[in-house]
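Notes for the one structure printed next.
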Amino acid sequence: MGCRTMVMGNVCGPEIAPGRGNLSFTSINLPRLALESDHDTQVFFTYPHDILLKVMKQLLQRYSVQAGRTVRNFPFLMGEGVWLDSEKLNQDDSVVEVLRHGTLSIGFIGLAEALKSLIGQHHGESIEAQALGLKIIQYIHVTGGQITEKELLAYQQRGLEKYGDKLDGIDVKLDGDEVELTYYLTGEPFERVRRITGYLVGTLDHWNNAKQAEERDRVKHDVP
């Protein structure tokens, strides 16, 4: 999706958008966690850590599959030099050194609905709900970052255990040891954005009639 392809942060090279993208993403269903918590906020906060851990392992598994491919498997992205550094590769070269410029992302959906389930109001209906919403987002951000660092280190270590005796004189990155996790947090107060058919936009000027009609039919909420 276009809303997930523009990335900036890069621990492996230049922080630019062209020539890079998001490799995989998974969204956490917050309303489901809230429903399973049976309206108990304390119980709700026992779920995200395990969910984030599972998602991170899932993303790394996806990355390991992608990193095991060659330029020949990506004739346009790699064969035509679209991705950073891909112009240096031959058809049968591994793409792992190129994919390290990409990102893996953990997102979430349904913050408002989760808040309604937990305390009966969403972040646009009360200060209490807004504070709880921000607390949930902050928890996901901080905990996700901690898990990411730990899991990537473990992932790197597994690579060293597998290939360590073959690395004499070889200077390569191992299976995603420098893949950066990014978070796409909606609800920021700086700019109003709307999501329709999977895309985030800030203006309605270029929407077709059907999309504009959908926006008009939506329930609008005031922020306290």
Identify, with sequence neighbours excluded, every residue that meets side chain to side chain donor-acceptor pair (under 3.5 Å) alongside [X].
X: E128; value: none
X: R32; value: E36
X: T70; value: N73

Roughly how far apart are [X] [atom1] and [Y] [atom2], rounded to 0.5 Å?
X: S94; Y: L99; atom1: OG; atom2: CG; answer: 7.5 Å
X: H123; Y: L134; atom1: NE2; atom2: CG; answer: 9.0 Å
X: L132; Y: Q130; atom1: CG; atom2: CD; answer: 11.0 Å
X: Q138; Y: T143; atom1: CD; atom2: OG1; answer: 9.0 Å
X: F25; Y: R62; atom1: CZ; atom2: CZ; answer: 7.5 Å

Give me each pair satisfying salt bridge (Lys or Arg N to Asp or Glu O under 4.0 Å) with a member in residues 40-52, each pair once, sequence neighbours excluded. none
Heavy-atom donor-acceptor pair, R100 side chain to E97 backbone, under 3.5 Å: yes
Salt bridge (Lys or Arg N to Asp or Glu O under 4.0 Å) against D38, all qualifying residues, sequence neighbours excluded: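 Result, salt bridge (Lys or Arg N to Asp or Glu O under 4.0 Å) vs D38: none returned.
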Find out whether [X] and [Y] are in side-chain contact, i.e. whether some heavy atom of one side chain is under 4.5 Å from a heavy atom of the other.
X: L115; Y: I136; answer: yes
X: R20; Y: T103; answer: yes
X: I28; Y: T26; answer: no

Over all heavy atoms of both residues, which pair between [X] and [Y] is shortest? Give the atoms and the distance, please.
X: L35; Y: S117; result: CD2-OG, 3.6 Å
X: S64; Y: Q61; result: OG-O, 2.6 Å
X: R69; Y: F74; result: CB-CE1, 3.4 Å
X: N22; Y: S24; result: OD1-O, 2.8 Å
X: L30; Y: G110; result: CB-O, 4.0 Å
X: A114; Y: A34; result: O-CB, 3.6 Å

Can you list, pair by pair, the side-chain donor-acceptor contacts under 3.5 Å of residues 78-85, counting residues two or more places apart and other chains?
from, atom 1, to, atom 2, distance (Å)
D85, OD1, K88, NZ, 3.3
D85, OD2, H101, NE2, 2.7

Sequence neighbours left out, what passes side chain to side chain contact (heavy atoms under 4.5 Å, CB included) with Q91? Give chain and number order. V71, R72
How would you list, by chain and number, every residue that makes a side chain to side chain contact (heavy atoms under 4.5 Å, CB included) with K57, sequence neighbours excluded? L53, E151
ring-ring contact (aromatic ring centres under 6.0 Å, His included) partners of residues 33-62, not counting sequence neighbours, each pair once: F45-Y139
Identified side-chain contact (heavy atoms from CB on, under 4.5 Å) partner of L33 from the options I51, T46, L118: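 For L33, the side-chain contact (heavy atoms from CB on, under 4.5 Å) test succeeds with only one of I51, T46, L118, which is I51.
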